[in-house]
Amino acid sequence: PITVSGNNATFAGNITISNASPALNLTDTDNASNIAFSSVGGALIVNSTTDQIYQIGGTEKFRIASSLATFAGGISAQSTVTINKSQATSALTINSAGNGGWTQYASTQDGIYGYIGSGSHLLAPVVNDNDFVIRAQKEFAVSIAAIEKFRINASGNSIFAGTINSIGNTASGFLSE
């Protein structure tokens, strides 16, 4: 049943809109903006003239604005995240509020593998906040075409595959087989 009281209506049950392109329009009379929910080809389309805000329990969790989307809290993906972009632009920028920050690489099974970020958080003692640091928790390896070419173990010893060339004939330390 439908209950009408003044300018308000209450629906008890489901509301069905049947049409080739069904739509439900909401008009905000004090802000002169409209929000439309529609379906084209089975896809839900939400269209508004300003930001779209998604809340849980009255707390904002996700916002879509005309130029960006923001999240309140972390983002979790259960599959591969792919970023498509045009050439000659950054594919991903990670900003930190303050001096530096880092990205952690970890496995729920094996724990933390390592970090990439600023020297102020990843070096002890801090040499320079602006240093770019790659920090491994155990050993650090570099590979080309899935073949290991260089490794630094936890003791600081290095293992090289192939020939080591010195530019300017200057070297220090020693090499052994």
Side-chain angles (χ1 to χ4, degrees), residues 14 35 37-48 50-167 170-177:
N14 297 327
I35 300 169
F37 297 91
S38 59
S39 176
V40 176
L44 171 66
I45 298 171
V46 179
N47 189 4
S48 64
T50 60
D51 294 3
Q52 294 177 12
I53 302 169
Y54 297 84
Q55 297 181 343
I56 298 174
T59 302
E60 184 175 323
K61 299 296 182 181
F62 177 55
R63 176 184 295 256
I64 302 173
S66 61
S67 62
L68 66 117
T70 57
F71 299 86
I75 300 170
S76 180
Q78 300 299 316
S79 187
T80 301
V81 175
T82 302
I83 300 171
N84 294 314
K85 57 146 208 101
S86 61
Q87 291 182 332
T89 61
S90 175
L92 177 65
T93 300
I94 300 173
N95 292 319
S96 173
N99 65 341
W102 70 90
T103 301
Q104 175 178 294
Y105 294 84
S107 162
T108 55
Q109 187 173 17
D110 298 329
I112 299 170
Y113 297 124
Y115 307 86
I116 295 176
S118 75
S120 62
H121 296 284
L122 298 178
L123 291 176
V126 175
V127 177
N128 185 342
D129 283 345
N130 296 323
D131 287 344
F132 179 76
V133 177
I134 300 172
R135 184 176 97 188
Q137 285 301 92
K138 295 183 180 163
E139 295 194 357
F140 175 77
V142 176
S143 72
I144 298 173
I147 299 170
E148 186 174 312
K149 301 296 182 181
F150 171 61
R151 175 176 294 270
I152 302 173
N153 66 22
S155 299
N157 297 317
S158 300
I159 302 166
F160 296 85
T163 303
I164 300 172
N165 294 316
S166 173
I167 298 174
T170 309
S172 62
F174 64 92
L175 298 174
S176 63
E177 285 194 43

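Side chains included, hydrogens not; waters and symmetry mates left out as well; all remaining heavy atoms used.
Pairs passing the side chain to side chain donor-acceptor pair (under 3.5 Å) check and including a residue from residues 64-87, sequence neighbours excluded, do not occur. Within the structure, side chain to side chain donor-acceptor pair (under 3.5 Å) contacts touching residues 149-160 (residues at least two apart or in different chains) are Glu139-Arg151, Glu148-Arg151. Applying the salt bridge (charged side-chain N to carboxylate O under 4.0 Å, His left out) test to residues at least two apart or on different chains, the pairs with a partner in residues 55-70 are Asp51-Arg63, Glu60-Arg63. Listed by first and then second residue, the ring-ring contact (aromatic ring centres under 6.0 Å, His included) pairs that reach into residues 51-72 are Tyr54-Phe62, Phe62-Phe71, sequence neighbours excluded. Screening residues 114-124 for salt bridge (charged side-chain N to carboxylate O under 4.0 Å, His left out), with sequence neighbours left out, gives no hits.
Not a single side-chain hydrogen bond (donor to acceptor under 3.5 Å, both in side chains) links Asp131 to another residue, sequence neighbours left out. Annotation: side chain to side chain contact (heavy atoms under 4.5 Å, CB included) contacts of Gln137 (sequence neighbours excluded): Ile112, Tyr115, Arg135. Remark: Lys138 engages no residue in a side chain to side chain contact (heavy atoms under 4.5 Å, CB included) (not counting sequence neighbours). The side chain to side chain contact (heavy atoms under 4.5 Å, CB included) check on Phe140 picks up Ile134, Ala136, Val142, Phe150, Ile152, with sequence neighbours excluded. Gln55 pairs by the side-chain hydrogen bond (donor to acceptor under 3.5 Å, both in side chains) definition with nothing, not counting sequence neighbours. Shown here are the side chain to side chain contact (heavy atoms under 4.5 Å, CB included) partners of Ser38, two or more places apart in sequence or in another chain: Ala23, Ile45.
Residues Ser107 and Tyr113 share a closest heavy-atom pair of CB-OH, 3.2 Å. Nearest heavy atom pair, residue Ile35 against residue Ser48, reads CG1-CB, 4.0 Å.
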